[in-house]
2 protein chains.
Amino acid sequence: MDRDTQISLTVIRRLPKYHRYLTELKDKGISRISSQELSNLTGFTASQIRQDLNNFGGFGQQGYGYNVDDLHRELGKILGLDKRYTAVIVGTGNLGQAIANYKGIEEAGFKVVSLFDRNPKMIGLKIRDIEVRDIDLLEDYVRENNIDVGIITVPKEGAQPIADRLVKAGIKGIWNFAPCDLIVPETVIVENVRLNESILILSYFLKNLENK
Amino acid sequence: MDRDTQISLTVIRRLPKYHRYLTELKDKGISRISSQELSNLTGFTASQIRQDLNNFGGFGQQGYGYNVDDLHRELGKILGLDKRYTAVIVGTGNLGQAIANYKGIEEAGFKVVSLFDRNPKMIGLKIRDIEVRDIDLLEDYVRENNIDVGIITVPKEGAQPIADRLVKAGIKGIWNFAPCDLIVPETVIVENVRLNESILILSYFLKNLENK
DNA sequence: AAATTTCTGTCAATTTGATAACAAGTGAAT
DNA sequence: ATTCACTTGTTATCAAATTGACAGAAATTT
């Protein structure tokens with residue numbers, strides 16, 4: 001395994017899909033799979049799958065294929081599923097609450113330990129047993145509890161200031177739902193969920209349906 | 001403008017970002033912009049921006065650049081913002097409710113006219129003035145009201161059956177929040193929001209921070 | 001145990017996407 | 001009016017990503 005060569009983002013973005021299908025296969029009790037079968041499932045070509053996986057090591061065996069359990073575990077490790085991270089959600093609007101209730105976060109190894117909002121009506125409430133705290137306490141809380149990740153679900157205008165505060169308080173990563181590009185030091189990881197862009201893509205293709 | 005050549009998905013996925021920055025520029029009252037300035041904003045190279053835009057027509061002028069209002073309007077048209085579509089949300093859990101309250105949907109020209117759920121406790125309730133109906137009524141409602149888009153926010157297991165029913169009822173597009181790959185006829189547009197994959201990417205990079 | 005099939009890892013070829021370069025317009029300054 | 005700086009559209013070049021091909025190893029069949 002060559003730890004020096006940078007693996008392209010294009011490859012990395014395919015990994016979760018491999019992992020998802022391997023979870024399904026595992027649940028079905030299937031113990032081995034070939035790149036061709038994975039191709040049928042995922043839609044990627046068999047060649048591409050073999051190349052992708054080989055970026056991280058030779059997990060397969062000639063004449064046999066890949067062992068589902070092993071590959072699932074290895075991909076899990078690559079994706080950091082063997083790690084546990086703490087997170088806070090900033091913004092307890094509809095989206096913030098939905099994310100607080102979203103099980104996928106736990107499955108990915110993240111534990112949401114506090115929510116923050118500036119609305120006095122929200123402060124003190126509990127969402128799924130997680131307390132909502134005053135946004136003024138954000139920096140202290142993040143610092144004192146060594147929080148790894150901030151999840152930003154505030155409106156666009158508030159997102160950058162919140163990001164700045166999280167960064168100052170020592171956050172390692174941000175899961176950003178606000179429709180803007182956050183400016184952070186390059187040591188801080190930002191992963192964006194672009195609902196606005198996603199729905200525009202849908203709109204684009206719907207419109208193009210009509211042109212045919 | 002060459003309507004025959006297929007424009008690559010890579011290009012299309014960049015359009016919403018252009019549009020977003022043009023909205024901001026317009027709001028600031030800025031009337032002209034060069035590809036270089038757009039590059040500074042978006043992070044794409046000026047060359048790439050000019051190439052992207054030229055897929056759809058020559059919107060710029062040598063020595064001047066692009067007129068913000070014009071380009072904004074043209075990109076809006078390309079993205080289908082001049083069209084109005086009706087939508088229903090299937091699944092009124094936390095995510096479904098958050099989406100029902102999400103303003104970006106309207107901004108993209110979509111109008112959510114009904115929600116559907118199988119939970120009797122939800123049926124008859126109103127979320128943001130939109131009624132929640134029994135899932136059994138889904139097909140009839142979609143057919144009778146000529147619904148364009150179905151938004152799927154049900155758990156993974158229920159997503160494909162719902163997609164099948166929507167397709168049968170004549171839906172044109174699906175905005176899918178369930179973590180699975182829907183199988184639909186190729187005439188039906190599917191745009192996925194992959195929260196599970198997004199957070200795994202964050203996890204990947206967080207883990208890789210440590211390895212350095 | 002030999003022959004055949006299967007399937008990976010890897011390298012080469014091809015395709016796609018991004019960047020660079022530049023001729024030709026345009027507007028502003030003098 | 002002329003010059004100069006600017007900026008697009010477009011072509012040429014370069015880089016990245018995908019696909020194809022195949023040797024060699026393992027598993028399976030005969």
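Reminder, nothing fancy here: chain letters follow the sequence lines and each chain counts from 1. All values reported here derive from a predicted model rather than from experimental measurement.
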Hey, are A:Asn40 and A:Gln36 close enough side-chain-wise for a donor-acceptor pair under 3.5 Å? yes
Whole-Å distance between C:dT16 C1' and B:Ile7 CD1? 15 Å
Atom CZ of A:Arg13 and atom P of D:dA17 are separated, to the nearest Å, by 13 Å
When the distance from CD of B:Gln36 to C1' of D:dG9 is rounded to whole Å, what number comes out? 16 Å
Any ion pair linking A:Arg194 and A:Asp181 (charged N to carboxylate O, less than 4.0 Å)? yes
Check nucleotides 20-22 of chain C for protein N or O atoms closer than 3.5 Å to its own N or O atoms and list the pairs.
unit_1, atom_1, unit_2, atom_2, d
C:dA20, N7, B:Ser47, OG, 2.9
C:dA20, N6, B:Ser47, OG, 3.4
C:dA21, N6, B:Arg50, NH2, 3.2

Could you check how far CG of A:Asp52 sits from P of C:dT8, rounded to whole Å? 13 Å
What's B:Tyr66 touching, base or sugar-phosphate or nothing? Going by heavy atoms closer than 4.0 Å. sugar-phosphate
Mapping B:Thr10 and A:Glu37 onto DNA chain C by nearest heavy atom, which one lands closer to the 5' end? A:Glu37
B:Ile33 versus B:Leu25, closest heavy-atom pair with distance: CD1-CD1, 3.4 Å
How does each nucleotide of nucleotides 25-30 of chain C score, in 5' to 3' order, for protein heavy atoms under 4.0 Å: base (B), sugar-phosphate only (S), or none (-)? BB----
Can you check the A:Phe44 CZ to D:dG20 P distance for me, whole Å? 16 Å
Give a yes/no answer on whether the side chain of B:Asn54 brings an N or O atom under 4.0 Å of OP1 or OP2 in D:dT8. no
Send over the distance from A:Arg14 CZ to D:dA17 P, rounded to a whole Å. 9 Å
Could you check whether B:Glu74 pairs with B:Lys77 (Lys NZ or Arg NE/NH1/NH2 to Asp/Glu carboxylate O, under 4.0 Å)? yes
Ignoring backbone atoms, establish whether B:Ser8 has a side-chain N or O less than 4.0 Å from OP1 or OP2 of C:dG17. yes
Please report, rounded to the nearest Å, how far the C1' atom of C:dC11 is from the CD atom of A:Gln48. 17 Å
For A:Leu9 and D:dT18, give me the distance from atom CG to atom P, rounded to whole Å. 11 Å
B:Gly65 backbone acceptor or donor facing B:Arg32 side chain under 3.5 Å: no
If you count every heavy atom of other residues, nucleotides or ligands that lies below 6.0 Å from A:Arg14 atom CZ, does the total exceed 12? yes
Can B:Lys17 be said to sit on top of B:Phe44's aromatic six-ring, NZ or CZ under 6.0 Å from centre and within 45° of the ring axis? yes
Fit a plane to each ring of A:His72 and A:His19, take the angle between them on a 0 to 90° scale, and name the class: parallel (under 30°), tilted (30 to 60°) or perpendicular (over 60°). parallel
Identify whether the distance between the nearest side-chain nitrogen and carboxylate oxygen of B:Arg128 and B:Glu106 falls below 4.0 Å. yes
